[in-house]
Amino acid sequence: MQRSDPASNNTGFPLNMSSIRILSDRVANQIAAGEVIERPVAVVKELVENSIDAGATRIEVEFRNGGKSYIRIEDNGKGMPPDEALLCLERHATSKIREAADLNEVCSFGFRGEALPSIASVSKFTLRTRAKEWDHGTEILINGGKMIDKKDCGMPVGTVIEVAHLFNSVPARRKFLKTDPTETAHITYNCRLFAVAHPNVAFRVLENGRTVFQSPACENLRDRIAEIWGRSLADDLIPVDVSDPKTGLRLSGLTAKPGVGRSTRRELVTLVNHRPVDSRTLSLAVLDAYHGRIQKGRFPPAFLFLEIKPQEVDVNVHPAKREVRFRDDGAIRRFVLNAVTETLAANRADDIAQTIAPPPVTTPKAPVAESRTSKPAPSLLRTTPAVKVEVLPTPSKAIRPNVPPATKATTPGWRLITLLKKRYALFDTERGLVMLHLRHADQRVRFERISNEFKNDTPPSQRMLIPHPLEFEPLASEALKSQLKQLNAQGFQIEEFGRNFYRIEAVPTWLSPEQAESFIRDLVDLVRQRGGMRKHTALGWEAVARLAVEGSYRRSDSLTAQAVEQLAKDLLNCNTPHTSPLGKPTFSEVSWSEWERRFGSD
Ligand code: ADP
Ligand code: MG
């Protein structure tokens, strides 16, 4: 709104440039608009937030040309009586806070009372609103911050705001806008985020008269995600709900099953007190929790709501951006990392309980892996009996991981159908058809065995028939020397017998003696890259174990049906069975219900 200022001309600038004056509200609004309303999506964001603050259960967003020529937001919220309709367009008019101290406690979205006057100062702006106590609404028309008209109008309870010709009067700002499709993408993405943040609000989004998406009010988050992102993503998510009564922190929502990764971060959505935010702290914590559970460079889809005391978070960082600042970043990081890690671990237990359900009595019994040399049952290997596949045979008893007796005794509900392409094994299970990736599965099993070995006080070791000499250049030699003590405590026996000369006397049983030298050389490279393993930390040994399964430290072996079934069993006994230690999926399942869906029910 314009405040009459005798010293200003029509441009809003003071006539006498040398004297200090207070800016007219119109100019202040236009300047604020530059901050708050960087681009059309910011208008949509401010207006939708206002609608949500007003208690709307139905919100419709319509826009044209990426929002540059037209934006309309319609809601069925509480609306405003005529005096408030006028007041809300005044600078710093807000119903949401009274004092600066309240800023620490704000739970509503807007709190500056800046959005509406800013938007109105740089567009052709129409507000129509009606509160339920009134039998008519109020319509106000503003152009470039100047009020053109105000009148009564008939309308249902709620608010409709139209914003046309955004930035027409501010060509400098218009120049910075991106192409229509880019601005459109920002608007639709943000509307999707709002829809996820508020599943119980019905949303409809229209672009150039065409519905981009719509979703009725949903009972729960999963339904909402299925509506907006599709059922298959929704089915790939598991529920999270972890609270810490001490700090009042709570993390809830849905997060990717292990092995489920996407090529972009777009579906890694974090919200703080129901506000979608971009937070490095949060997304790094989530990524950390998936370390080794999804492929490197991919992102887990997740929709995670963090609840936190308002005074512990600053949402006031930048009006137009979605950044937040936590008072105690480290504590938030740890809480989120633990919450997601715990959820993934617990889910694994559930999953396996289902997977190892005994097979129905009518089906043929899977062969028992009593002897590794016995011939495979022919019926189980219809197409390729005993193909040669590069998989290490199950190592000796001495280095089997500690398997709980209950699961050990059970036959997994996975029945081997056949091996395919020398790389896969197809299984028939209670829940569907499972394709096992032999190499990834083998890597996971060996990785966990080796990792378990490192926890062992006296890891089994094998002597080399002839000690193997090794020479290193000085820096590499230093690196090896720094690790000798730890390596020798873990089943290696490597002696230094001269300047930069070493002798391998023994290696752990998981490493084949022929490969001892190349393994040690790779290990030295790893130590040099990482700047040394941290003493006795799981991290250091994990890196060693990963190295051990990743390279060529394997023996070729013919793969029998028994060996494949044993591999599947061993895999299901792993702590993280869904992915290889390098984050690749170990198996993929197509459920019976999915087959039914594909063929259609009769
Ligand atoms: P803020 O949201 O920071 O308070 P705004 O400029 O966005 O500032 O809005 C100013 C005031 O106008 C709000 O505090 C609210 O009282 C009122 N208002 C805005 N939009 C709506 C709406 N859709 N329904 C009801 N009241 C609204
Ligand atoms: Mg607002």
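In listed order, ligands and their atoms are each counted from 1.
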Tell me whether Arg327 is salt-bridged to Asp314, with the criterion being a basic N under 4.0 Å from an acidic carboxylate O. no
Is ligand 1 under 4.0 Å from a heavy atom in the side chain of Leu116, in the backbone, in both, or in neither? both
Compute the shortest N/O to N/O distance between Glu84 and ligand 1 and return yes if it is under 3.5 Å, no if not. no
Show the atoms of ligand 1 that are less than 4.0 angstrom away from any heavy atom in Ala115. 6 (O), 7 (O)
Decide whether an N or O pair under 3.5 Å exists between Glu46 and ligand 1. no
Quick note on ligand 1: atoms under 4.0 Å from a heavy atom of Cys88 include exactly 11 (C), 12 (O)
Met80: heavy atom below 4.0 Å from ligand 1, yes or no? yes
Would you please classify the geometry between the Phe194 ring and the His198 ring as parallel, tilted or perpendicular, with 30° and 60° separating the classes? parallel
Give the contacting part of Asp53 toward ligand 1: side chain, backbone, both or neither, where contact means a heavy-atom distance below 4.0 Å. neither
Within-4.5 Å side-chain heavy-atom neighbours: Phe63 and Arg72: no
How are the rings of Trp229 and Tyr189 set relative to one another: parallel (under 30°), tilted (30 to 60°) or perpendicular (over 60°)? perpendicular
Would you kindly specify which portion of Ala54 sits under 4.0 Å from ligand 1, judged on non-hydrogen atoms: side chain, backbone, both or neither? side chain
In terms of heavy-atom contacts, Leu304 and Leu251 come closest through CB-CD1, 4.1 Å
Test side-chain contact (heavy atoms from CB on, under 4.5 Å) applied to Pro301 and Asp236, Leu268, Val260, the passing residue: Val260
